[in-house]
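Below: one structure, written as structure tokens.
Letters A, B, ... mirror the listed sequences (proteins, then strands); counts begin at 1.
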Protein chains: 2
Amino acid sequence: MQQTRQTTIVDIANQLGVSPSTVSRALHDHPSISAKTKRNVVRLAEKYSYQPNLLALSLLNKRSGVIGILVPEITSYFFATVISGVQDMVSSAGYKLLICQSGESFEEEEKLLQDMALSRVDGVLISPTFRTNSFQHFERLKKTGIPLVIFDRDCPGFEADKVLVDSYDGAYQAVEYLIKTGCKRIAHIAGPIAIPTFKQRLDGYLNAHYDNNIPIRSELIVYSNGFSSDDGVEAATQLLDRHEKIDAIFAVNDAVSIGTTHVLRENGYRVPDDISLVGFDDESYAQYYFPSLSTVWQPVYELGMLSAKILLDRFANRGQLQSYRYEVLKPELVIRESSRIIAESTSSYALPNRPGTPLVHQA
Amino acid sequence: MQQTRQTTIVDIANQLGVSPSTVSRALHDHPSISAKTKRNVVRLAEKYSYQPNLLALSLLNKRSGVIGILVPEITSYFFATVISGVQDMVSSAGYKLLICQSGESFEEEEKLLQDMALSRVDGVLISPTFRTNSFQHFERLKKTGIPLVIFDRDCPGFEADKVLVDSYDGAYQAVEYLIKTGCKRIAHIAGPIAIPTFKQRLDGYLNAHYDNNIPIRSELIVYSNGFSSDDGVEAATQLLDRHEKIDAIFAVNDAVSIGTTHVLRENGYRVPDDISLVGFDDESYAQYYFPSLSTVWQPVYELGMLSAKILLDRFANRGQLQSYRYEVLKPELVIRESSRIIAESTSSYALPNRPGTPLVHQA
DNA sequence: TATCACCACGCAAAGGTTTGCGTAACAGGA
DNA sequence: TCCTGTTACGCAAACCTTTGCGTGGTGATA
């Protein structure tokens with residue numbers, strides 16, 4: 001456990017009676033260093049297992065080789081998978097990843113972004129908290145020359161590179177599917193609509209009704225405070241307490257969905273026989289849930305990859321002014337057992353196709 | 001998007017006609033700087049929103065303020081939660097977290113550990129791949145003076161600080177519970193026993209049988225290649241193909257459990273009426289699964305916190321030789337609906353108690 | 001007036017690496 | 001012998017901050 005100081009280029013230089021610059025050049029195979037000197041240097045470097053000090057290099061190059069990513073939380077499958085995609089992309093480009101979570105706290109977000117700037121990260125990927133509606137801290141980052149990519153959660157009115165998933169489209173697909181399969185009274189358990197993503201899902205729900213000439217009933221929409229399974233339980237309870245006739249539920253995500261099925265079951269409703277249910281996210285457990293969840297799959301890993309790619313592109317074209325990119329990825333409906341085709345349904349529904357995914361599981 | 005160079009201490013010094021050292025001292029409220037100079041410096045620092053360059057500081061202090069954590073994968077709930085605990089602990093001590101995943105690849109593990117050493121992380125937390133059975137790369141790290149804490153997955157024969165969960169005990173509790181509730185033919189879907197954790201769960205299963213004088217039948221144990229839900233499906237299928245009489249299954253984790261229930265259901269078995277099922281991990285969905293999963297809860301967040309704490313303690317006592325710590329956290333059995341008390345069971349089972357967790361959910 | 005204390009600040013080194021520029025030594029050609 | 005070219009390397013700056021030590025100036029005391 002001896003605190004043996006890391007050997008530096010100077011140590012090697014001294015031992016060989018040459019200058020540090022010679023050692024540096026020798027290690028980089030610079031042409032103006034004799035073969036003999038190179039051999040000596042390399043031999044010693046290996047003997048002491050010399051490793052260049054990246055801190056010194058970063059200071060010199062004004063590049064830390066670190067990319068920061070700030071997410072609301074890392075324990076959710078969604079963000080963990082995004083991070084995974086980002087990780088794979090940036091590490092192949094030789095960057096390291098500094099991961100932080102804001103815990104949906106705006107103050108934390110400000111503080112952590114500040115920290116990242118101090119640590120001189122080369123770029124930042126961020127999915128803002130749902131409380132974030134002022135963007136000075138983003139501006140500050142921009143001003144210091146650190147590129148910024150916003151993903152998953154949009155910041156309307158703030159200009160930056162953005163990579164989003166079309167939640168509106170996913171919700172529209174889901175609800176239209178429910179309508180086409182014969183559902184007339186479709187409830188929606190909405191998430192906190194302060195989050196643009198959740199607002200979009202609500203809009204998709206509404207417009208799918210509108211476009212199909214189904215009246216929208218506000219009594220079928222319940223706004224949840226959060227988007228965990230526990231929130232799902234609460235929202236579903238609230239919904240049932242209204243004693244409205246319901247033949248389908250579109251839940252804001254899978255976590256809420258499973259909380260919802262729990263409540264439905266306890267109240268004697270069968271899914272999908274009495275009520276069709278569609279979630280959002282295609283979580284890892286959705287396929288093996290009982291009944292397996294119909295849901296909307298999102299290209300989460302791809303979201304991470306693309307966001308990282310855009311940041312790397314910024315590095316490559318450093319300094320060159322270029323317009324911000326705005327990328328929107330398409331989600332896909334995955335139909336499983338938690339939704340059914342109602343017999344008296346007249347309109348036929350053309351099933352979407354996603355390779356590798358079982359389309360219909362009828363138990 | 002102007003690349004406005006970050007203002008440094010020298011810029012301020014020049015503008016004020018003083019030396020950089022004076023500026024530095026002024027900013028740190030050093031007593032030997034006049035109040036007037038301090039005011040001037042602080043005013044300018046605020047005007048240009050000066051931020052000290054952490055890279056330069058790191059180089060000076062030989063401390064990067066970064067802790068590395070290397071896990072097999074970050075998308076699993078288990079590791080994401082560990083990371084969350086680590087994050088909270090280290091950030092409160094002013095450290096940043098560099099998160100990497102090995103993807104269960106030994107070569108990646110070696111490479112990433114090397115990278116971390118290069119980046120001069122101040123310490124490393126690691127949960128090794130299940131292929132890791134040589135430890136030179138750990139030794140190398142130690143030799144450079146970077147403290148190392150191993151968590152969750154033990155490395156038998158390698159000396160280091162370690163924080164583990166007593167999987168043996170958890171498995172023992174689970175299986176003993178099944179026995180006491182009247183099960184006689186308890187199957188086990190084991191994970192890859194190359195992972196010490198899974199080996200321990202198997203051992204707990206075996207010893208609970210032994211201690212309760214129940215014969216062990218090798219035909220009731222199936223060894224899975226992995227530990228995902230898909231692996232669970234495969235293993236459960238294999239188990240049923242043996243046409244053995246079974247009244248309970250102890251699965252190596254919850255993911256495998258839900259794959260297993262899927263297969264059981266498709267083959268006409270009811271859980272828990274025909275077969276009791278107990279998993280491991282208490283994943284987020286376990287409570288809302290149908291039937292809700294009896295499982296073994298692990299203090300995952302605490303695992304992260306404690307591992308980080310031990311590393312921070314090493315920093316505090318830097319240089320001082322002290323013996324390695326070996327901490328083992330206790331898991332707790334959580335009984336839900338997927339297991340039942342068999343009527344003809346004579347022995348009564350004393351339920352364990354965990355505050356805040358519903359102990360028995362009988363539908 | 002000489003001595004002393006104290007105030008307020010500057011110098012320079014240290015941390016490790018890279019790189020433009022300069023140069024000593026030597027060989028070869030005229 | 002002088003000039004030119006090449007080889008093989010060293011010097012010092014640059015990146016930014018901190019800190020031990022030194023110092024010029026001022027006012028007070030003996």
Margin query: Regarding B:Q114 and A:Q51, do their side chains bring together a donor and an acceptor under 3.5 Å, going by distance alone?
Written below: yes
Next item on the list: Answer yes or no: is there a donor N or O on one side and an acceptor on the other, between the side chain of A:E104 and the main chain of A:F130, under 3.5 Å?
Entry: yes
Next item on the list: For A:K36 and D:dA8, give me the distance from atom NZ to atom P, rounded to whole Å.
Entry: 11 Å
Identify all pairs in which a protein N or O lies below 3.5 Å from an N or O of nucleotides 25-27 of chain C, and state each distance.
none

Note to self: When you compare the side chains of A:E109 and A:T132, does any donor N or O come within less than 3.5 Å of an acceptor on the partner?
What the structure shows: yes
Notebook entry, point to check: For B:H30 and D:dT19, what is the distance between atoms NE2 and C1' respectively, to the nearest whole Å?
Noted result: 8 Å
Note to self: For B:F158, does the six-membered ring have the charged nitrogen or CZ of B:K142 within the cation-pi criterion, i.e. under 6.0 angstrom from the centroid and within 45° of the normal?
What the structure shows: yes
Notebook entry, point to check: Should the heavy atoms of other residues, nucleotides or ligands under 6.0 Å from NZ of A:K162 be counted, would the total exceed 12?
Noted result: yes
Notebook entry, point to check: What is the bend of the helix from C:dT1-D:dA30 to C:dA30-D:dT1 when you compare the axis at one end with the axis at the other, using five pairs each and rounding to 10°?
Noted result: 90°
Margin query: Quick check against the 3.5 Å criterion: does A:R153 have a side-chain atom that pairs as donor or acceptor with the backbone of A:P128?
Written below: yes
Check: How long is the line joining CG of A:D29 and C1' of D:dA8, in whole Å?
Finding: 15 Å
Checklist line | Sequence-aligned protein contact record of nucleotides 9-17 of chain D, with B where the base is within under 4.0 Å of a protein heavy atom and S where only the sugar-phosphate is | finding: BBB--BBBB
Note to self: Rounded to the nearest 0.5 Å, what separates atom CD1 in B:I12 from atom OG1 in B:T22?
What the structure shows: 12.0 Å
Margin query: Between B:K96 and A:D115, does any NZ, NE, NH1 or NH2 come within less than 4.0 Å of an OD or OE carboxylate oxygen?
Written below: no
Check: Between B:R314 and B:D161, does at least one N-O distance fall below 4.0 Å, as a salt bridge requires?
Finding: yes
Item checked: Backbone N/O of B:L55 and side chain of B:N53: donor-acceptor pair under 3.5 Å -> yes
